[in-house]
Amino acid sequence: MKSYLVKRILSAIPLLIMISFLCFVFINMIPSDPAEVALRVRQTPVITEDAILQVREELGLNDPYLIRYLRWVGNCLKFDFGVSYTNPSRTVLGEISRCFPATFVLAMSSLVIVIVLSLPIGFFCAVYKDSLFDRIVRGIVFMTTAMPAYWVGLLMIWLISIKWDLLPTSGSGSMKHLILPSLTVALTYISTYIRLIRNNMLENMKEDYVLYANVRGLKQSTILVRHILKNSLHTCIVAIGMSVPQLMAGTIVVENVFAWPGLGKLCIASIFNRDYPVIQTYVLLIGTLFVVFNLLFDIIQSIADPRLRREVS
C-alpha cells in the first residue's frame, strides 16, 4: 500500500508543474501590458512611459521569462500570490481566503443534494427498468442535462422568488439564500449521477455473482443493496472526487446570477478589472483541486478495491 501511495503522489507532481506552467504562460500571453493595466486599475491620472517602466520594475516584468516563472512558483509554494491590482492594499491570498468559504459551502451543499437525490432515484430506475417511473425520470434527466445553469437559475428566481415569493432572489446570510443556488448547481450533476448509477446497476445485474446469489436463495433486497448497488458505486467514487472541484469551478456563473459572494463572483470581477494576479491564482487553485481530489478519491477507491493496487504495481 505504501509503494502504491508513493507512486500515485509522485505521478501527481509533474501534472501540478504542468498546470502551473500553463497557467503562467496563458496569463502572460494576454496582449495588455500588466504594468499599464495596474496603473489604470489604480486610477493613475496620467500614464507615462516612465510610470510604466517603474511599475514593470516593481512587478519584476523586466526579468527573463523563466526567472519570472520560477520566482512565481517559489512564491506560490510560500502562499505568496502577489497583490491585487484592484486594491493594492489587499493580497491575492487575502481575497481568495475571503471568498473561498462561500464557494466551499455552496459546492458542498450542492454535493449533498446530488448524493441524496441521485442515489435513490438511480437505484429505483434500475430496479424498475422501463417502468413509467423510469421513463419519466429519464425524460426529466434528458431535459435538465440540456439546460444551461444560468437559465435554470433565472427560471428559479422568476418562479420561486418572484412568482411565489418563497425564497430571496440573491445575496447570502441565511439558509434561505443558499437553497436556490445549491439546487441550480446540483441539477446538472443529479442528472449525470442518476444515469451513472442506473447504467452501472443494470450492467452488474448481468454478472454471474448475481445469478449465484439468487441460487443461494438470498433475499432480493439483499442482492440489490449489498451486492449490485455496492459494486455499482465503485465508479461513482472517482466521479464524486472529480465533482468536488467541478462544482467549485461550476459555481462561477451561478454565483453571479444569485450575487453569491464566492470565488466565481471574484473571478468575474477580476476579469472585468483585468486583475491578472487574482485570475492567475484562481485558475491555479481550481487546477490544483482537480489533481488533489482525483488523487484522494483514487486512493480511497484503491483501499476499497485492492485489485487496482495490483494493476498499478
Side-chain angles (χ1 to χ4, degrees), residues 13-104 106-107 172 245 248-257 259-292:
I13 293 175
L15 192 56
L16 289 172
I17 294 174
M18 185 182 299
I19 290 172
S20 67
F21 183 74
L22 291 176
C23 177
F24 184 82
V25 168
F26 288 151
I27 293 296
N28 282 270
M29 285 176 63
I30 297 175
S32 303
D33 188 346
E36 185 177 349
V37 171
L39 289 171
R40 291 185 186 279
V41 171
R42 295 174 188 177
Q43 298 181 349
T44 304
V46 180
I47 299 177
T48 62
E49 289 294 331
D50 291 338
I52 292 175
L53 291 174
Q54 182 179 353
V55 174
R56 286 186 64 85
E57 187 66 31
E58 175 187 335
L59 299 176
L61 299 175
N62 295 325
D63 295 333
Y65 199 81
L66 184 59
I67 298 298
R68 287 162 50 198
Y69 167 70
L70 293 176
R71 181 171 60 235
W72 177 70
V73 171
N75 290 334
C76 288
L77 292 175
K78 295 184 290 186
F79 297 99
D80 180 10
F81 302 101
V83 178
S84 171
Y85 287 173
T86 305
N87 192 344
S89 63
R90 294 182 178 179
T91 63
V92 175
L93 181 60
E95 292 291 278
I96 296 292
S97 301
R98 176 177 62 85
C99 299
F100 183 82
T103 297
F104 184 78
L106 178 58
S172 62
M248 299 192 69
T251 59
I252 186 169
V253 175
V254 176
E255 285 183 4
N256 284 273
V257 171
W260 186 261
L263 290 176
K265 195 168 184 295
L266 174 66
C267 182
I268 294 296
S270 301
I271 290 173
F272 281 116
N273 295 325
R274 296 183 180 181
D275 198 345
Y276 296 153
V278 176
I279 301 170
Q280 196 172 30
T281 305
Y282 175 82
V283 175
L284 179 65
L285 174 63
I286 296 300
T288 304
L289 286 175
F290 270 98
V291 175
V292 170

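Counting from 1, the numbers follow the sequence of the chain as shown.
Distance CG/Leu70 to CG/Asn75: 11.0 Å, rounded to 0.5 Å. Between the CD1 atom in Ile17 and the CD1 atom in Ile13 there is a gap of 7.0 Å [rounded to 0.5 Å]. Note that the CZ atom of Phe104 and the SG atom of Cys99 stand 15.5 Å from one another [nearest 0.5 Å]. Between Asn62 atom CG and Ile67 atom CD1 the span is 13.5 Å, to the nearest 0.5 Å. For the atom pair CD1 (Ile279) and CZ (Phe26), the distance works out to 14.5 Å, reported to the nearest 0.5 Å. A distance of 11.0 Å separates OH of Tyr276 from CD1 of Ile271, quoted to the nearest 0.5 Å.
Side-chain contact between Phe81 and Gln280 is absent, with no heavy-atom pair separated by less than 4.5 Å. Counting only heavy atoms from C-beta outward, the side chains of Trp72 and Cys23 approach each other to under 4.5 Å. Taking the side chain as every heavy atom from C-beta outward, Ile252 and Tyr282 approach each other to under 4.5 Å.
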Could you walk me through whether Leu266 and Arg98 pass the side chain to side chain contact (heavy atoms under 4.5 Å, CB included) test, one step at a time?
CA-CA 10 Å; Leu266 174 66; Arg98 176 177 62 85; 4.3 Å; yes
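At least one donor-acceptor pair under 3.5 Å links the side chain of Asp80 to the backbone N or O of Gly82. In this structure, Thr103 contributes its side chain and Leu263 its backbone to a donor-acceptor pair below 3.5 Å. For Trp260 (side chain) and Val254 (main-chain N/O), no donor-acceptor pair under 3.5 Å exists by modelled atom type.
The two atoms that bring Gly264 and Asn256 nearest to each other are O-ND2, 3.5 Å, heavy atoms only. The nearest pair of heavy atoms linking Ala102 to Gly262 is CB-CA, 4.0 Å. Of all heavy-atom pairs spanning Val278 and Val92, the tightest one is CA-CG1, 4.0 Å. For the pair Ser97 and Pro101, the tightest heavy-atom approach, listed with the atom from each and the gap, is O-CD, 3.0 Å.
Annotation: Tyr65, atom OH; neighbour count of heavy atoms from other residues, nucleotides and ligands within 6.0 Å is above 12.
The side chain to side chain donor-acceptor pair (under 3.5 Å) check on Ser20 picks up Tyr69, with sequence neighbours excluded. By the side chain to side chain donor-acceptor pair (under 3.5 Å) test, Thr251 pairs with Glu255, sequence neighbours left out.
Between Asp63 and the options Arg56, Arg71, Arg68, a salt bridge (Lys or Arg N to Asp or Glu O under 4.0 Å) holds for only Arg71.
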